[in-house]
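Written below as structure tokens is the structure these notes are about.
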Amino acid sequence: MYRYRSASFYIRIIIAILLSASILGVLIVPMFYGGASPAQRIRRVINGDNAATALLDASAVAMGCKNGIFDFEKNGIPGVLTYDIDLKNNRMECYWVLQDSSNPQAKYILMKDGIRYSFSMDADGWQYDGKNTEYTNFKRLFSGIGSVLADREVDVTALEHDLNGLTGLDLSTYFEFAAVPTVMRSIVKAFDEDNFQSAIGYSFQRDGLDLTYSFNPANSKAFADRFNALLQPAYTSKTQTIVNLAGLAGGIADMMGYDLYSLLFNTELSFSIDAISGKLTFLHITTDHDDYRFTSRKYCGCKINIDSPSLEALIILNTEN
């Protein structure tokens, strides 16, 4: 049931991850999240510990740094990505550009005052792609999910509201939010299970203080079945009916409006973090059609430099001050 998507679709997914917006919020972590304990960090250096927690900690560091810049390649073409987060003013920016003279591409996303503005550039220049209402309090969202993962009390009503704004969906149609915190914790804990690791093709390597985690799903059906079992406690009756009739693949496609199933279960992923700082140093994502590599250049003190009068004019014209 796989349907082809353009490269920009996958770029948006990657940007979402780097901005701590991930599938069902599982990979979203606030800077307030406590991170790994000393004992966990020792285990991490020895055997990797929990891969999901390692990525969560790396996300927390990225959020805590508030901004950063990455060198990245798309199918071998070099580019640069910069993000900037202002939790005090509930504002996020992300800007990426590919250095390809024959096929120029770039994207700028601004999220402020509950509205997401999108701009893109191709051979015809910059254009305004429109806006979507978000109504997400990012600081509250990051703090709430951090509380979930740290097994602390969380306001599930606020969590539902913020995730709805982030995804643009009424998630209560598909999930019973009273059970969502338990499900999120269960997904993270599943990364310690041998059968789950086998299904997702998990491996870990250590090179000095550089820790690398890799996922290459060897048995996508086993992975999907286990993932479905983890999600089921939070299903509404509508979701259960959809999954029963269409299977997990069809159910996710119905909910999200695109083939998230393929992205989840047919994508190879690897990432590296620094064992001491916990910073994400490298991210590699391979889909059926594209190959993306991100290498961190710098965290903190990175400002987005929009070197384009035409884009700046579009931003002024189309955003609400």
If two hydrophobic side chains count as joined below 4.5 Å and joins carry through other members, does [X] share a cluster with [Y]?
{"X": "Leu283", "Y": "Tyr299", "value": "yes"}
{"X": "Val97", "Y": "Ile306", "value": "yes"}
{"X": "Phe282", "Y": "Tyr83", "value": "no"}
{"X": "Tyr128", "Y": "Ile315", "value": "yes"}

* **Candidate pair Gln127 and Asp122, rule side-chain contact (heavy atoms from CB on, under 4.5 Å), full reasoning** => CA-CA 9 Å; Gln127 52 262 332; Asp122 56 22; 3.5 Å; yes
Going by side chain to side chain donor-acceptor pair (under 3.5 Å), name the residues that satisfy it together with [X], two or more places apart in sequence or in a different chain.
{"X": "Arg185", "value": "Asp151"}
{"X": "Asn137", "value": "none"}
{"X": "Asp210", "value": "none"}
{"X": "Ser310", "value": "Ser308"}

* Salt bridge Arg91-Asp86, side-chain N to carboxylate O under 4.0 Å -> no
* So, are Asp57 and Arg44 salt-bridged, with charged N and O less than 4.0 Å apart? -> yes
* Asked: Applying the ring-ring contact (aromatic ring centres under 6.0 Å, His included) test to Phe223, which of Phe215, Phe191, Phe196 qualifies?
  -> Phe196
Would you check if the side chain of [X] reaches a backbone N or O of [Y] as a donor-acceptor pair within less than 3.5 Å?
{"X": "Ser59", "Y": "Leu55", "result": "yes"}
{"X": "Asn90", "Y": "Phe138", "result": "yes"}
{"X": "Asn216", "Y": "Gly201", "result": "no"}
{"X": "Ser272", "Y": "Thr281", "result": "no"}
{"X": "Thr236", "Y": "Thr173", "result": "yes"}
{"X": "Arg116", "Y": "Ile109", "result": "no"}

Report yes if the side chains of [X] and [Y] come closer than 4.5 Å at any heavy-atom pair, otherwise no.
{"X": "Thr319", "Y": "Phe119", "result": "yes"}
{"X": "Val156", "Y": "Pro181", "result": "yes"}
{"X": "Gln105", "Y": "Trp96", "result": "yes"}
{"X": "Thr157", "Y": "His161", "result": "no"}

List, by chain and then residue number, the residues other than [X] in its hydrophobic cluster (Ile/Leu/Val/Met/Phe/Trp/Tyr, side-chain heavy atoms under 4.5 Å); write none if there are no others.
{"X": "Leu317", "answer": "none"}
{"X": "Val45", "answer": "none"}
{"X": "Leu209", "answer": "Ile276"}

* Donor on one side chain, acceptor on other, Ser120 and Asp129, under 3.5 Å ->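 There is such a pair (donor and acceptor under 3.5 Å, judged by atom type) between the side chains of Ser120 and Asp129.
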* Asked: Taking it one step at a time, do Ile115 and Asn132 satisfy side-chain contact (heavy atoms from CB on, under 4.5 Å)?
  -> CA-CA 6 Å; Ile115 301 175; Asn132 301 98; over 6 Å; no
What's the separation between atom [atom1] in [X] and atom [atom2] in [Y], rounded to the nearest 0.5 Å?
{"X": "Lys238", "Y": "Ser172", "atom1": "NZ", "atom2": "OG", "value": "10.0 Å"}
{"X": "Thr267", "Y": "Leu269", "atom1": "OG1", "atom2": "CG", "value": "8.5 Å"}
{"X": "Phe177", "Y": "Leu163", "atom1": "CZ", "atom2": "CG", "value": "5.0 Å"}
{"X": "Arg206", "Y": "Thr212", "atom1": "CZ", "atom2": "OG1", "value": "11.0 Å"}
{"X": "Thr239", "Y": "Leu171", "atom1": "OG1", "atom2": "CG", "value": "9.5 Å"}
{"X": "Lys303", "Y": "Asn67", "atom1": "NZ", "atom2": "CG", "value": "5.5 Å"}

* Asked: So Ser296 and Leu280, side-chain contact (heavy atoms from CB on, under 4.5 Å) or not? Walk me through it.
  -> CA-CA 7 Å; Ser296 64; Leu280 178 73; over 6 Å; no
* Can you tell me which residue pairs pass the side chain to side chain donor-acceptor pair (under 3.5 Å) test with a partner in residues 187-199, sequence neighbours excluded? =>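 Side chain to side chain donor-acceptor pair (under 3.5 Å) check on residues 187-199 returns Asn50-Asp192, Glu193-Arg226.
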Grab the two heavy atoms, one from [X] and one from [Y], that are nearest each other, plus how far apart they are.
{"X": "Trp126", "Y": "Lys107", "answer": "CH2-N, 3.9 Å"}
{"X": "Val188", "Y": "Ala52", "answer": "CG1-CB, 4.1 Å"}
{"X": "Glu73", "Y": "Pro78", "answer": "CG-CA, 4.2 Å"}

* To do: With sequence neighbours excluded, tell me which residues meet side-chain contact (heavy atoms from CB on, under 4.5 Å) with Val80.
  => Ile69, Asp71, Thr82, Gln99, Arg297
* For Ile77, enumerate each residue passing the side-chain contact (heavy atoms from CB on, under 4.5 Å) test, keeping only those at least two apart in sequence or located in another chain. => Leu98, Asp100
* Structure fact -> Tyr95 meets the ring-ring contact (aromatic ring centres under 6.0 Å, His included) criterion, sequence neighbours left out, with none
* To do: Tell me, please, which residues at least two apart from Tyr213 pass ring-ring contact (aromatic ring centres under 6.0 Å, His included).
  => Phe204, Phe271
* Considering residues, nucleotides and ligands other than Asp307, do more than 12 of their heavy atoms fall under 6.0 Å from its CG? -> no
* Asked: So with a 6.0 Å cut-off around CG of Asn103, is the heavy-atom count from everything else above 12?
  -> yes
* To do: Report the C-alpha separation of Leu159 and Arg140 in whole Å, then their side-chain angles, then the decisive distance to 0.1 Å, and conclude whether the side-chain contact (heavy atoms from CB on, under 4.5 Å) test is met.
  => CA-CA 8 Å; Leu159 181 64; Arg140 183 178 66 186; over 6 Å; no
* To do: Step by step, work out the side-chain hydrogen bond (donor to acceptor under 3.5 Å, both in side chains) result for Thr136 and Asp162.
  => CA-CA 4 Å; Thr136 295; Asp162 292 332; 5.0 Å; no
* What is the ring orientation for Phe294 with Phe70, classed by angle as parallel under 30°, tilted 30 to 60°, or perpendicular over 60°? -> perpendicular
